[in-house]
Amino acid sequence: MRIDLHTHSTVSDGTDTPAQLVAAAAGAGLDVLAITDHDSTGGWAEAAEALPPGLTLVRGAELSCWSPDGRGGHCTVHLLAYLFDPEADAVVAEHARARAQRRQRLQRIAERMAADGFPVDADALLAGLPPGSTAGRPHLAAALVSAGVVSTVDEAFARFLNDRGRYYVPSSKTPVEAAIGMVGQAGGVSVLAHAFAHHRGPTVTAGVIRELAAAGLDGVEVDHPDHDADARAELRALAGELDLLTTGSSDYHGSNKTIHLGQELTSPWVLDAIVERATGAELLVG
Ligand code: AMP
Ligand code: ZN
Ligand code: FE
Ligand code: FE
């Protein structure tokens, strides 16, 4: 069983439409795919409609949250949410708030770069995003590639857009414990995404993950392309201690990243545990 539980479509900052994403998943030999666009369930219907025979779809999302970092400060964390009720009032309100805030924030980042002389047009960038989509830094990175400022999206992050860069503006301030509660209330299962992706920017300590587990977190994403061997070993041990589920996923973004579908995988028994706990939505079988 090949199970990939973290992927993005054009509904957020991926480059495959939801229909292309499920087709690519079948083409990559996956048995199970989760669609987890940032702060949106907008791709669920199209992915379900286009689901190829033999592929199972897990409907999910990735929420940008704010967390104590365990060192006296705060940092951004991403929370994967699976099989929650997309019509729960709190979910609808939070997604709408996050998407509006993300547009303003991307505009601010673009304006700061423009003020420094970079050939970016913040208004044109936002106007060019697919209607209803969630704005993200990869959109600006792609614009920088088009403008010839950098040659790849990764280079744009390495030089300008990473969390420690001079143009960085955080994306959201939803407290992560509130988000965990919201996902649980909506019948979903929550998994902390790429918690120890240290090269991306500030990360939380193990102590914070202990607190989140006590607050109802269901799992941690252990096998992720941005986790080195030490990060994986530390997270796996912590998950064992705290009785958290452990997932593995590619975090595929289409051509915005070099990562391919199925590059990291989740065990079937972990998927079974997610499905058993979830009451907000069901698996869809193609
Ligand atoms: P945003 O949602 O706007 O904060 O942008 C986050 C997205 O940018 C994530 O989904 C990552 O895939 C991508 N990203 C974050 N940090 C990096 C990095 N250092 N290099 C490449 N992509 C990154
Ligand atoms: Zn993304
Ligand atoms: Fe993420
Ligand atoms: Fe992601």
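Every number for a ligand or one of its atoms is a count from 1 in the order of the listing.
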query = So does Glu62 have any N/O/S atom less than 2.8 Å away from the Zn ion (ligand 2)?
reply = no

inquiry  = Which atom name would you report as the N, O or S atom of Glu62 nearest the Fe ion (ligand 3)?
reply    = OE2

task = Give a yes/no answer: is there an N/O/S atom of His8 under 2.8 Å from the Zn ion (ligand 2)?
result = no

inquiry  = Polar contacts were defined as any N/O atom of the residue lying under 3.5 Å from an N/O atom of the ligand; does this apply to His253 and ligand 1?
reply    = yes

Of the N, O or S atoms in His78, the one nearest the Fe ion (ligand 3) = ND1

query = Any salt bridge between Arg232 and Glu264, counting N to O under 4.0 Å?
reply = yes

Distance filter under 4.0 Å to Asp13 heavy atoms, resulting ligand 1 atoms = 7 (C), 10 (O)

remark   = The atom of His194 among N, O or S that is nearest the Fe ion (ligand 3) is NE2

ask   = By atom name, which N, O or S atom of His253 is the nearest to the Zn ion (ligand 2)?
value = NE2

note = Near Asp154 (heavy-atom distance under 4.0 Å), the atoms of ligand 1 are 21 (C)

query = Would you call Arg277 and Asp272 a salt bridge, taking side-chain N to carboxylate O under 4.0 Å as the test?
reply = no

query = In terms of ring plane angle, is the pair Phe118 and Phe160 parallel, tilted or perpendicular, where the classes change at 30° and 60°?
reply = perpendicular

inquiry  = If the cut-off is 4.0 Å to any non-hydrogen atom of Gly136, which atoms of ligand 1 fall inside it?
reply    = 3 (O)

ask   = Is any side-chain N of the basic residue among Arg59 and Glu282 closer than 4.0 Å to the acidic one's carboxylate O?
value = no

ask   = Which class fits the ring pair Phe196 and His198: parallel under 30°, tilted 30 to 60°, perpendicular over 60°?
value = parallel

request  = Identify which of Glu62, Arg137, Arg102, His38 has a heavy atom lying nearest to atom 2 (O) of ligand 1.
outcome  = Arg102

key: Under-4.0 Å salt bridge between Arg108 and Glu111   = no

ask   = For Asp123 and Gln107, does a side-chain donor sit closer than 3.5 Å to a side-chain acceptor?
value = yes

message = Taking distance alone, with N or O pairs closer than 3.5 Å, would you say Arg105 contacts ligand 1?
response = yes

ask   = Out of Asp16, Thr7, Asp4, which residue meets the side chain to side chain donor-acceptor pair (under 3.5 Å) rule with Tyr252?
value = Asp16

query = atom 22 (N) of ligand 1: which protein heavy atom is closest, and how many Å away?
reply = Phe157 CD1, 3.4 Å

task = Could you tell me which atoms of ligand 1, counted from 1 in the order shown, lie closer than 4.0 angstrom to a heavy atom of Pro138?
result = 5 (O), 7 (C), 8 (O)

key: Salt-bridge present (Arg200, Asp226; N to O < 4.0 Å)   = yes

